[in-house]
*Asks:* 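Take this structure first; my questions come after.
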Amino acid sequence: MLNTITAPTTPLFDTPPMFAHPARVTAIKDEAYATATYEIEFEDDDLKQHYAFRAGQFNMVYLPNIGEVPISLSSDPAKTGVMGHTIRYAGNVTRAISRLRVGDTVGIRGPYGTAWPLERIHGNDVCIVTGGIGLAPLRPVIYHIINNRSDYGRVYLLYGARTPIDMLYTEQFEDWEAHGIEIHQTVDRADESWKGHVGVVPMMFYHLRLNPKKTTVLTCGPEIMIHFVIFEALARRIPKEQIYVSMERNMKCGIGLCGHCQFGPTFVCKEGPVFAYAAIEPFFGVEDF
Amino acid sequence: MSPETALETFQELAFTRDMDPAVLEHLAALAFEVNFAEGQWIFRETDVGELVYLIKEGKVALSISVPGQGRKTILTLGPGQILGWSSLFPTGRKTASARTVTPTKAFAFNAAQLREAMDENRDLGCALLWAIADVIAGRLKATRLQLLDIFAPSEMS
Ligand SMILES: Cc1cc2nc3c(=O)[nH]c(=O)nc-3n(C[C@H](O)[C@H](O)[C@H](O)COP(=O)(O)OP(=O)(O)OC[C@H]3O[C@@H](n4cnc5c(N)ncnc54)[C@H](O)[C@@H]3O)c2cc1C
Ligand code: FES
């Protein structure tokens with residue numbers, strides 16, 4: 001098996017695998033330009049109580065007559081009953097999601113995919129490196145670390161966005177910092193009123209002094225960004241076995257049947273989206289993979 | 001600041017920490033400490049710079065004035081990063097302006113003196129050129145990524 005570290009969990013549902021369960025939007029919060037977080041609850045009480053996911057996993061979100069898209073869970077995995085999805089409106093389905101109102105119904109199936117290796121890295125320093133909407137699948141990691149703070153060493157969040165107003169979850173940063181998450185924010189462009197960093201997120205490594213032996217890097221974002229993050233992490237002698245990436249590919253079935261999400265010899269929906277970099281190195285960044 | 005204290009700080013800062021102790025001693029003898037208040041200009045675009053800085057504490061924004069669009073910050077630098085390296089090269093003219101975002105402490109080096117020392121002490125010259133090449137390569141990589149504008153909203157939004 002390609003990626004033994006973060007084996008997928010089996011969805012709890014005792015229904016055909018492609019069946020989407022009705023779920024209601026219970027809250028919508030605007031996060032940034034064309035991006036909002038949707039709180040969604042299953043209509044079925046039993047499902048609502050028993051649904052559980054691990055940080056890094058995703059659901060397939062279905063809109064009748066429109067389509068279905070994979071969306072990561074961005075809420076606290078320890079909180080049951082409600083699922084959080086932070087969605088950036090990119091095209092057909094996500095734009096239709098932008099027209100949903102509280103009380104509307106969607107179809108949900110999941111959780112699918114592999115998770116971040118949070119148990120495996122107990123005792124380690126954790127360096128989370130992400131940009132834009134890429135923070136959504138990593139927010140559950142931050143919740144988990146805060147809920148289990150003594151299991152981890154130093155925790156850094158290096159977060160990049162296009163401009164200051166494109167940053168997600170900024171109202172939570174103070175609380176995260178109070179729990180010992182060291183946040184380094186940077187933007188690609190800003191006027192002089194911005195007091196944070198300017199520069200691409202991989203450059204934030206230059207501001208840290210990491211202990212390569214005990215640091216694990218978790219990264220998610222545009223693939224080209226991940227590429228540069230890996231480069232900087234390796235340049236700091238962080239072993240490739242301690243680097244984990246979350247990959248995106250267009251998906252259809254989400255359960256390893258259709259081949260839509262093929263990435264090298266793997267399917268992102270099943271053996272990913274979270275991969276150990278050491279496992280995908282041979283085909284990561286290779287054109288047309 | 002005594003050369004001994006400067007030496008200890010160099011051993012901590014990213015730009016210098018891997019350099020040979022003898023090289024650092026020579027560098028420490030050439031360095032002097034400078035302090036800048038928040039919002040202070042360190043140099044301006046087109047200035048002919050005489051100093052090169054190694055930031056010890058604080059944050060400095062590099063910006064370029066774009067006609068019709070105002071001043072754009074292109075990069076911020078912090079502890080352990082070098083500022084104003086273009087002073088070491090023949091024209092020495094600054095291609096960006098530098099202004100502190102927070103109160104900043106730095107080591108300053110006179111560029112002419114440093115060049116002379118690099119010529120005389122080949123170990124120092126070699127160590128500094130490698131370190132500066134590494135900085136330039138890093139900034140070139142970062143600029144390429146910045147040019148790609150990877151977080152731009154999709155055309156369909
Ligand atoms: C495992 C996984 C987790 C994801 N988590 C989230 C999340 O938490 N929040 C979120 O907003 N989005 C997430 N996405 C991306 C999301 O699934 C896509 O934006 C969505 O499928 C686009 O569908 P659409 O019908 O709105 O756009 P389309 O009309 O299908 O496409 C619009 C544009 O987006 C591009 N596009 C489509 N899918 C992707 C993709 N997967 N990656 C990059 N570009 C794409 C298309 O090429 C096109 O240019 C995730 C994707 C995967 C695979
Ligand atoms: S989406 Fe069908 S195999 Fe992955």
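Note that the coordinates shown come from a computational prediction; the quantities given were computed from them, not determined experimentally. We name chains A, B, ... by the order of the sequence lines, and we start the count at 1 in each one.
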*Asks:* Hey, are Asp104(A) and Arg99(A) close enough for a salt bridge, meaning a charged N less than 4.0 Å from a carboxylate O?
*Replies:*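 Answer for the salt bridge query: no.
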
*Asks:* Regarding Thr86(A) and Tyr169(A), is there a side-chain donor-to-acceptor distance under 3.5 Å anywhere?
*Replies:*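 Yes, a side-chain donor-acceptor pair sits under 3.5 Å.
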
*Asks:* So which heavy atom on Lys94(B) is nearest to which on Leu51(B), and how close?
*Replies:*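 Closest pair (atom of Lys94(B), atom of Leu51(B), distance): NZ-O, 3.7 Å.
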
*Asks:* Can you classify the ring geometry of Tyr277(A) versus Phe284(A) as parallel (below 30°), tilted (30 to 60°) or perpendicular (above 60°)?
*Replies:*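 Perpendicular, since the angle between the ring planes exceeds 60°.
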
*Asks:* Shorter than 4.5 Å, heavy atoms on both sides: which option in Arg71(B), Glu12(B), Gln146(B), Lys59(B) has the most such pairs with chain A?
*Replies:*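 Of the candidates given, the most pairs with chain A belong to Lys59(B).
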
*Asks:* Taking side chain as everything from C-beta outward and backbone as N, CA, C, O, which of these in Ile74(B) sits under 4.5 Å from a heavy atom of chain A? Side chain, backbone, both or neither.
*Replies:*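 Only the backbone of Ile74(B) comes within 4.5 Å of chain A.
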
*Asks:* Could you tell me which portion of His197(A) (side chain, backbone, both or neither) has an atom closer than 4.5 angstrom to a non-hydrogen atom of chain B?
*Replies:*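 Both parts, heavy atoms under 4.5 Å.
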
*Asks:* Kindly check if the number of other-residue, nucleotide or ligand heavy atoms within 6.0 Å of CD (Glu174(A)) is above 12?
*Replies:*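 Counting other residues, nucleotides and ligands, CD of Glu174(A) stays at 12 neighbours or fewer.
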
*Asks:* Checking heavy atoms, do the side chain of Ala142(B), its backbone, both or neither come under 4.5 Å from chain A?
*Replies:*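 It is both, since atoms from each part get that close.
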
*Asks:* Relative to chain A, which of Val101(B), Leu75(B), Leu77(B) shows the most heavy atom pairs under 4.5 Å?
*Replies:*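 Most heavy-atom pairs under 4.5 Å with chain A: Leu75(B).
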
